[in-house]
Each structure stands twice: as C-alpha cells, then as structure tokens.
Amino acid sequence: SGCTTFTDTDVAARVDGSELDQDEFEQRLADIGITTDQVVPLDAARAELTVWIQSQLVDAEEVAAQYDAGPQVGGSICLAAIVVETEAEAEAAATDLDDGGDFAEVFAAVNIDPTLDAETGALPCITSADLDAAAGTPLIDTAATLSADTPVATTVLLDDVGQPAAWAILQFRPFDELAPIDADFVTSSVDLGDAAADADIHVDPRFGRFDADLGQVVALG
C-alpha cells in the first residue's frame, strides 16, 4: 500500500546488466492505466517491477515451454470455455475442436453462457496453487489435466447443491496465443528457482526490495 513519487535520474530496477530506467518504467505503468504525474501506488509499482524482473530472469521460450507443459510444470493455466446443456452436446463440440474446428466458431454456435467473453470465451488465468486449493470439483480437476498436448476436455458443471447443471468444454490457451497481460501473469507464475538466487537484483528502495524466495518485489523490512 501507499504511494511514492518519481525522480528523473534513478533506475527503477536492475537485473545483472539489464536496467529498467524511469522512462521505461513510467511507460509500463501507463500501459496498464497508471499515470505518474504526481504519485504512484506502491502495490501497483511493485507488481509491475516484479513482472519486469521475472522477465529478465527467465527466457521467454523457457516460460512458454513450461507453461505449455501444463499447470503442474508452468505454475499457471489459461483456459477458454464453452457451456452447453448436455453431455452429448459437449462431446460433439469437443470432437469438433479436436478435429481442428475453430474455437470462436464453435463457441458462437453452441455456447449458452452469456457471462463468458462474447468473442473468445476466455477465462481468467489462474495459478496451479489456485487449482490445488479448489481440487475436488469436476471443473477444477479437469482443468488441471490440460496442456498444449492435451488441449480439450469436457466436464460437468454442478449447481450449489452438487447436482449437474450444465456441461463445459474447456480449451487450453497456448502461450503464443495469450494476450500480453496473460503472458505477464504466466511469466510471474513460473518457478524462478536458482535464477533469482544467483542474479544480482536491485530495486529502487522507494518501491521495496526483491525477495528471491517469493520471486516478488516486497516492502522493505
């Protein structure tokens, strides 16, 4: 929490020989809707610094490979969904997708859930920890099995009393098809392991410090 102001000369963060200067940092914040005319919310600044540092610690191709291997390897998963009334409809749609059908076309033809993104059916990305915490429901347990190699599955959706309410077709969204904000989420979920411990990481102390165990920028102290 809290806010801070920018100066004109400081480097916001540095990883070994790579630096994020203030102009670049301000642009990154502007890209996510945060202006820096007066003060910057510290939580937002730390989150964006974390994303940048993590991107320096792991190669993009390595992130993609880990993510595409599934949530137990990459630490996160991003899905799209189609909701239909019956198991037969779900199986037919899944077969269409497995045979190379276009997801947007199948979604437009059969989806009955108006709360899903009207164009993509995309669901918010979640971490493997989120999956583990919610394990035991058909939706979550099915999602946990998906990867770039096994991208499509069907699952029953249960109502509040545990009775079947509808069926969903889940599709794994591969890394090279993710929006930038989702790619950042995926990058932040990768286990940095020894990369963070071995790197020389500096953060402008107005924002905090980098905690190698957590893989995040945190408050001082």
Side-chain angles (χ1 to χ4, degrees), residues 32 51 54-55 58-193:
I32 59 173
V51 169
Q54 291 167 335
S55 72
V58 289
D59 180 82
E61 291 185 359
E62 180 183 349
V63 172
Q66 290 189 36
Y67 167 78
D68 284 345
Q72 300 311 316
V73 177
S76 63
I77 191 169
C78 304
L79 300 172
I82 301 170
V83 176
V84 295
E85 291 183 351
T86 68
E87 182 178 8
E89 291 175 298
E91 293 297 339
T95 297
D96 195 353
L97 294 173
D98 282 333
D99 289 342
D102 180 74
F103 183 91
E105 292 181 1
V106 177
F107 178 89
V110 301
N111 177 66
I112 63 171
D113 187 347
T115 67
L116 294 172
D117 185 284
E119 295 183 1
T120 67
L123 301 174
C125 302
I126 58 175
T127 67
S128 57
D130 294 328
L131 290 175
D132 292 342
T137 64
L139 175 64
I140 296 299
D141 291 349
T142 300
T145 68
L146 297 179
S147 67
D149 290 334
T150 309
V152 179
T154 63
T155 181
V156 66
L157 300 177
L158 304 178
D159 61 20
D160 292 340
V161 295
Q163 296 300 307
W167 282 77
I169 305 94
L170 302 179
Q171 178 159 290
F172 183 89
R173 294 191 279 142
F175 188 84
D176 62 4
E177 295 180 9
L178 296 179
I181 190 171
D182 290 336
D184 284 345
F185 180 91
V186 166
T187 300
S188 70
S189 302
V190 169
D191 183 5
L192 300 177

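None of the values given here were measured: they were computed from a predicted structure.
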* To do: Can you measure from CD (Q66) to OG1 (T187) and round to the nearest 0.5 angstrom?
  => 10.0 Å

* Asked: Can you tell me if CD1 on I181 sees more than 12 non-hydrogen neighbours from other groups inside 6.0 Å?
  -> no

* Of the non-hydrogen atoms in A118 and F107, which two are nearest, and what is the gap between them? -> O-CE2, 3.5 Å

* Between D132 and Q72, is a side chain to side chain contact (heavy atoms under 4.5 Å, CB included) present by the stated rule, with each step listed? -> CA-CA 10 Å; D132 292 342; Q72 300 311 316; 4.0 Å; yes

* Structure fact -> The side chain to side chain contact (heavy atoms under 4.5 Å, CB included) partners of D102 (sequence neighbours excluded) come to A104, E105

* Contact list for residues 92-101, test side chain to side chain donor-acceptor pair (under 3.5 Å), sequence neighbours left out -> none

* Asked: Taking all non-hydrogen atoms of both residues, which atom of Y67 and which atom of F175 are closest, and how far apart?
  -> CE2-N, 3.5 Å

* To do: Test side chain to side chain contact (heavy atoms under 4.5 Å, CB included) on Q54 and V190 and set out the steps.
  => CA-CA 9 Å; Q54 291 167 335; V190 169; over 6 Å; no

* Minimal non-hydrogen separation, A94 against V152, with atom names -> CB-CG1, 3.9 Å

* Side chains of D59 and V63 in contact at under 4.5 Å (non-hydrogen atoms) -> no

* side-chain hydrogen bond (donor to acceptor under 3.5 Å, both in side chains) involving S188 - partner list, sequence neighbours excluded -> none

* Asked: Can you list every pair that meets ring pair (Phe, Tyr, Trp, His ring centres under 6.0 Å) and has a residue in residues 127-158, with sequence neighbours left out?
  -> none

* Could you pull out all residues at least two apart from D182 that satisfy side-chain hydrogen bond (donor to acceptor under 3.5 Å, both in side chains)? => R173

* Those residues that, when tested against T127, pass side chain to side chain contact (heavy atoms under 4.5 Å, CB included) (two or more places apart) -> A129, D130, F185, S189

Under 3.5 Å donor-acceptor pairs involving side-chain atoms of residues 156-170, not counting sequence neighbours:
residue : atom : partner : partner atom : Å
D159    : OD1  : V161    : N            : 3.0
D159    : OD1  : G162    : N            : 3.0
D159    : OD1  : Q163    : N            : 2.8

List the atom pairs, with distances to 0.1 Å, where a side-chain N or O of residues 75-89 and a protein N or O form a donor-acceptor pair under 3.5 Å, not counting sequence neighbours.
residue : atom : partner : partner atom : Å
T86     : OG1  : E89     : N            : 3.1
T86     : OG1  : E89     : OE1          : 3.1
E89     : OE1  : E85     : N            : 3.3
E89     : OE1  : T86     : N            : 3.0

Atom pairs and distances, donor-acceptor, side-chain atoms in residues 135-144, under 3.5 Å, two or more places apart:
residue : atom : partner : partner atom : Å
T137    : OG1  : I140    : N            : 3.4
D141    : OD1  : G136    : N            : 3.0
D141    : OD2  : G136    : N            : 3.4
T142    : OG1  : P138    : O            : 2.8
T142    : OG1  : T155    : OG1          : 3.4

* Residues that A148 engages under side chain to side chain contact (heavy atoms under 4.5 Å, CB included), provided they are two or more places apart -> D68, F172

* To do: Scan side-chain atoms only and decide if D113 and T115 contain a donor-acceptor pair under the 3.5 Å cut-off.
  => yes

* Asked: Got a sec, which residues hit side-chain hydrogen bond (donor to acceptor under 3.5 Å, both in side chains) with T150, two or more places apart in sequence or on another chain?
  -> none

* To do: Please list, chain by chain and in numerical order, all residues satisfying side-chain hydrogen bond (donor to acceptor under 3.5 Å, both in side chains) with T120, sequence neighbours excluded.
  => D117

